[in-house]
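Both backbone and side-chain heavy atoms feed into the values below; hydrogens, waters and symmetry mates do not. Residue numbers begin at 1 in each chain, while the letters A, B, ... track the order of the sequences.
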Protein chains: 2
Amino acid sequence: MAGQAQYEELTRQLSALGAVKREIGRVLPTNCPGGSAAVLTLLDRHGDMRIGRLAELLAVDMSVTSRHVAHVAGRGWIVRSPDPADKRSRILRLTPAGHAVLDELSRRSSALLADRLSDWTDDEVGQLVRLMTRLRESFGDCRATPHGTPPPRPLPAAQAAPTTRTPEDAE
Amino acid sequence: MAGQAQYEELTRQLSALGAVKREIGRVLPTNCPGGSAAVLTLLDRHGDMRIGRLAELLAVDMSVTSRHVAHVAGRGWIVRSPDPADKRSRILRLTPAGHAVLDELSRRSSALLADRLSDWTDDEVGQLVRLMTRLRESFGDCRATPHGTPPPRPLPAAQAAPTTRTPEDAE
DNA sequence: TATTGTTATACTCTATAACTATA
DNA sequence: TATAGTTATAGAGTATAACAATA
């Protein structure tokens, strides 16, 4: 059990990690944004699956997944074949072209990381991966609000301000 | 120096961590999106500063920072006072209302983390924070492309597809 | 001429809600 | 009636480029 200061720091680092993520995104082909890359990666790792399952793995809404899938299917990187067991669904499968794209993505992002993390040991990278994985697991890859969590309410803006308002802040 | 498999795994975890970030975002007041929260947090930690400095700390473009700042200033959570040393700039400073909002944000996100990470030791959280911080440092909080990195080119879509195209994938 | 900010525009990712087809 | 998926719409975050004011 950690203290509030540590939790604040973790929140901050989590927010700041977006910069690293964007940096990796910049080496991806303009053709293949992050959402598409994630779809290809998960199909490769977990095998053929339906949209619903993919949405779970991505931890985003199915509507979002549907759009990503349409994007990669439109480029011929996956095929959607009818699910014999349920006519509402289709089975997603990587094509050879999809595998080729995935290889290229891996090459580029790994090259970037190899450059930036050249002074990290194998063990340190492993430790970070392990802790990040556990963090995700601790959040249960949860989509819905778990128990009776009250929806967050807006905070009041400074109305009759307690400080003298300077003219430059009149919006 | 780690291997390609580890780099791929790190990339994947980095991408998947977005779900945790969004989960935290959901407990924030509708009033105060992530960008605003980041501005308040950094002003609290590093003290009064100009937009340019804040943009560096956020590791985003100044135009983005400008918008976030306008948002929090519009709610009276910061004030922008003239910089005596440079008439082009203004100094950003948290107001008492801004401090109050920041306290509330800390309370909410820490409560969420305390709930989800109840089985983590203080040391484990500290280790994760340390590694995440180092990861950011390894990326140098870099904004511009460092040396002669060639801009990424788009990958070819599957044209004359190597596999039989099924009708359901005609976009 | 270079720098600090701001604004306009566009793109990606996400969620909610309405809708279709099937179970 | 419930579930799988799609689409429309809206909101947040970001980047690039054009612009204003000042250095």
Novice: Let me know the distance between CZ of A/R22 and P of C/dC13, rounded to the nearest Å.
Specialist: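 So the two atoms are 13 Å apart, to the nearest Å.
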
Novice: Rounding to a whole Å, what distance do you find between B/L17:CG and C/dC13:C1'?
Specialist: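 Checked: the CG to C1' distance equals 16 Å.
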
Novice: Measure the distance from NZ on A/K87 to C1' on C/dT20 and round it to the nearest whole Å.
Specialist: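 Rounding to the nearest Å, NZ of A/K87 and C1' of C/dT20 are 16 Å apart.
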
Novice: When you check every protein heavy atom under 4.0 Å of nucleotides 4-9 of chain C, what one-letter string (B, S, -) results, 5' to 3'?
Specialist: SBSB-B

Novice: Rounded to whole Å, please give me the gap between CG in A/L92 and C1' in D/dT6.
Specialist: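 It works out to 14 Å between those atoms.
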
Novice: Looking at A/F139, is its backbone amide N or carbonyl O close enough to the side chain of B/E23 to form a donor-acceptor pair, meaning the two atoms are under 3.5 Å apart?
Specialist: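 Pair absent, no side-chain N/O of B/E23 close to backbone of A/F139.
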
Novice: Mind checking A/G34 for me? I need base, sugar-phosphate or nothing, with any heavy atom below 4.0 Å counting as a touch.
Specialist: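 Sugar-phosphate only.
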
Novice: What integer distance in Å separates A/K21:NZ from D/dG13:P?
Specialist: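 That distance rounds to 13 Å.
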
Novice: For D/dT14, does either OP1 or OP2 sit under 4.0 Å from a side-chain N or O belonging to B/H68?
Specialist: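 Answer is yes, contact under 4.0 Å.
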
Novice: B/L58 has an atom CG; how far is it from atom P of D/dG13, in whole Å?
Specialist: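 Taking atom P of D/dG13 as the reference, CG of B/L58 is at 11 Å.
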
Novice: Which residues pass the side chain to side chain donor-acceptor pair (under 3.5 Å) test with B/S89, sequence neighbours left out?
Specialist: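 Testing B/S89 for side chain to side chain donor-acceptor pair (under 3.5 Å), a comparison that skips the adjacent residues, returns B/R50.
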
Novice: B/S36: what forms a side chain to side chain donor-acceptor pair (under 3.5 Å) with it, not counting sequence neighbours?
Specialist: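 Counting only residues at least two positions away or on another chain, B/S36 forms a side chain to side chain donor-acceptor pair (under 3.5 Å) with B/H71.
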
Novice: Counting N and O atoms only, with roles assigned by atom type, does the side chain of A/S118 sit under 3.5 Å from a partner on the main chain of A/A114, one being a donor and the other an acceptor?
Specialist: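 Absent.
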
Novice: Starting at CD of B/Q127, measure out to CD of B/E124 and round the result to the nearest 0.5 Å.
Specialist: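 Here the interatomic distance stands at 7.5 Å.
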
Novice: Tell me whether A/Q4 contacts the main-chain N or O of B/S110 through its side chain, where contact means a donor paired with an acceptor under 3.5 Å.
Specialist: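 Flag not set: sc A/Q4 to bb B/S110 has no pair under 3.5 Å.
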
Novice: How close or far is atom P of C/dT16 from atom CZ of B/R26, stated in whole angstroms?
Specialist: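 My rounded result for the distance is 7 Å.
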
